[in-house]
Amino acid sequence: MKYYKFEPEKPGQCEVRLFASETIYREIEQDSLQQLFNARELPGVLGVVGLPDIHLGYGLPIGGVMVCDVDKGVISPGAVGFDINCGVRLLSSNLEVEHIKEKTEELSQVMKQDIPAGVGSESRQSFSRKEFSKIVEQGLPYTVSELNYGTEEDIQNCEENGHIPGADFSKVSAKAYDRGKTQLGTLGGGNHFVEIQKIDQIYDSENEHIKDINPGNAAFMIHTGSRGFGHQIAQDYIDRAKNKIQSYAFDLPGKNLASFPFSSKEGQNYFRAMACAANFAFANRQLLTEQLRRTVQRIFPEARLNLVYDLTHNIAKKETHVISGSPREVLVHRKGATRLAKNGLALIPGSMGTGSFLVTSLNSEATVLSFESVAHGAGRTMGRREAKRTITDQQHRDSIRGIKVVSGSNSSLLDESPLAYKNVDTVIESLQKTELARPLLRLKPLAVLKG
DNA sequence: ATGTTC
């Protein structure tokens with residue numbers, strides 16, 4: 001099997017596993033590898049994994065997985081990150097690109113009108129405090145079945161059925177609620193988007209999970225998270241972890257990996273608040289989906305958009321994995337990392353000008369050793385600031401030619417240029433070489449609404 | 001990522 005293994009340096013320490021091609025491995029910054037080594041210094045860490053889209057993050061690198069013992073291990077708000085349950089969903093459609101092509105421009109303008117986008121964007125609908133608390137505690141089963149946003153099929157095609165158990169709204173600060181109450185059904189900024197895509201290539205038409213997906217049809221991809229609500233929850237508990245660290249019996253490896261013992265009161269409080277943010281994000285993507293369905297139907301009344309899958313890539317979850325040969329319940333932190341769905345599928349979005357992929361698990365030994373994780377996207381090669389400083393407007397325009405880009409904000413989008421990201425093809429190649437996943441569909445962007 | 005260096 002082909003992965004980079006870094007043996008334990010102390011007794012009881014776990015190995016670090018890096019799943020990357022040699023080409024990608026040579027490009028990885030030493031600092032992001034160091035973040036993986038820092039992670040295994042924490043108590044009760046049973047596994048640390050890097051994926052081919054790895055780059056420097058806050059505490060844990062983006063493209064990083066940290067697995068902890070549920071009794072003796074920790075939970076780290078920094079290892080989940082600021083955008084709790086940032087995630088991606090793919091919707092297939094019955095629209096043929098050839099048929100809708102001349103109206104792509106019109107459709108993207110209508111999307112811009114209908115979908116609140118950009119930092120600070122606010123919901124068009126409002127929810128009572130009681131409704132809000134049920135949305136964040138119960139996720140999609142409440143949002144879909146009680147508030148009538150979408151279908152039972154939407155719930156079934158969502159990771160964890162759109163509900164992280166254990167969510168407790170009383171563990172969420174008033175400030176987080178205040179920021180979040182007007183943000184359900186909004187896209188946000190940064191790398192968040194709604195994209196119109198073409199099913200460009202099918203690699204395995206026999207696969208049962210894509211038998212209803214036709215080449216040449218349009219698809220829609222939504223990428224967003226828990227907005228200011230999750231950001232505030234992350235900030236609240238990161239501050240608390242940093243303040244509390246001296247009272248715990250472990251040293252802090254890298255200041256931003258501040259953690260609570262998972263079994264402690266504080267650790268449980270963070271888990272319960274984080275679960276609220278996760279459920280918020282599932283509901284957010286669901287509300288955006290329902291809006292998008294109405295928006296597309298304004299132009300194409302016959303349009304039907306079906307959820308292929310919704311997956312999160314910033315979260316800590318209780319899952320069962322095989323550790324040293326036997327299955328047990330563990331706490332898995334994934335930052336910029338995706339868990340393969342039960343049916344084996346995963347989504348790998350590219351940057352704004354490049355293709356995205358639907359992949360499927362290779363069900364290999366590597367799948368077990370990665371804790372069923374794959375990359376979450378292309379992965380940055382440049383930080384936001386560096387991108388804005390070094391990429392010119394002309395270079396950026398050239399890199400996205402042929403794709404209609406509309407934006408909810410006035411920012412330059414240079415920090416989201418394809419030139420600031422790895423080529424997604426090299427990430428897919430790495431997933432294949434390391435026996436984690438193979439591509440099923442390639443999705444080509446036609447138009448994108450950015451935040 | 002983010003009421004974008006609260």
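Just so it is clear: chains get the letters A, B, ... in the order the sequence lines come, proteins before strands, and each one is counted from 1. Just the heavy atoms: all of them, side chains too, but no hydrogens, waters or symmetry mates, feed the values below.
Rounded to whole angstrom, the span from the CG atom of A:Asn314 across to the P atom of B:dA1 amounts to 10 Å. For A:Asn256 and B:dA1, the CG to C1' distance is 14 Å, given to the nearest whole Å. One atom, CD of A:Glu416, and another, P of B:dA1, lie 5 Å apart when rounded to the nearest Å. Taking atom NZ on A:Lys242 and atom P on B:dC6, their separation rounds to 15 Å, with Å as the unit. One can place CZ of A:Arg385 at 8 Å from C1' of B:dT5, the figure rounded to the nearest angstrom.
Residues A:Asn306 and A:Leu91 fail the side-chain proximity criterion, which asks for heavy atoms closer than 4.5 Å. Using a 4.5 Å cut-off on side-chain heavy atoms (C-beta onward), A:Met111 and A:Val194 make contact.
For A:Gln183 (side chain) and A:Glu122 (main-chain N/O), no donor-acceptor pair under 3.5 Å exists by modelled atom type.
When heavy atoms are screened at a 4.0 angstrom cut-off, A:Lys175 is found touching base atoms of the nucleic acid. No contact: A:Gly225 has no heavy atom under 4.0 Å from any strand. Among the protein residues, A:Gly81 comes within range of no part of the nucleic acid, since none of its heavy atoms lies under 4.0 Å from any strand. Within 4.0 Å of A:Glu122, counting heavy atoms only, lies no atom of the nucleic acid at all.
Proximity of the aromatic rings of A:Tyr177 and A:Phe169 is defined here by a centroid distance below 6.0 angstrom, and this criterion is met.
Residue A:Asn191 places at least one side-chain N or O under 4.0 Å from the OP1 or OP2 atom of B:dA1.
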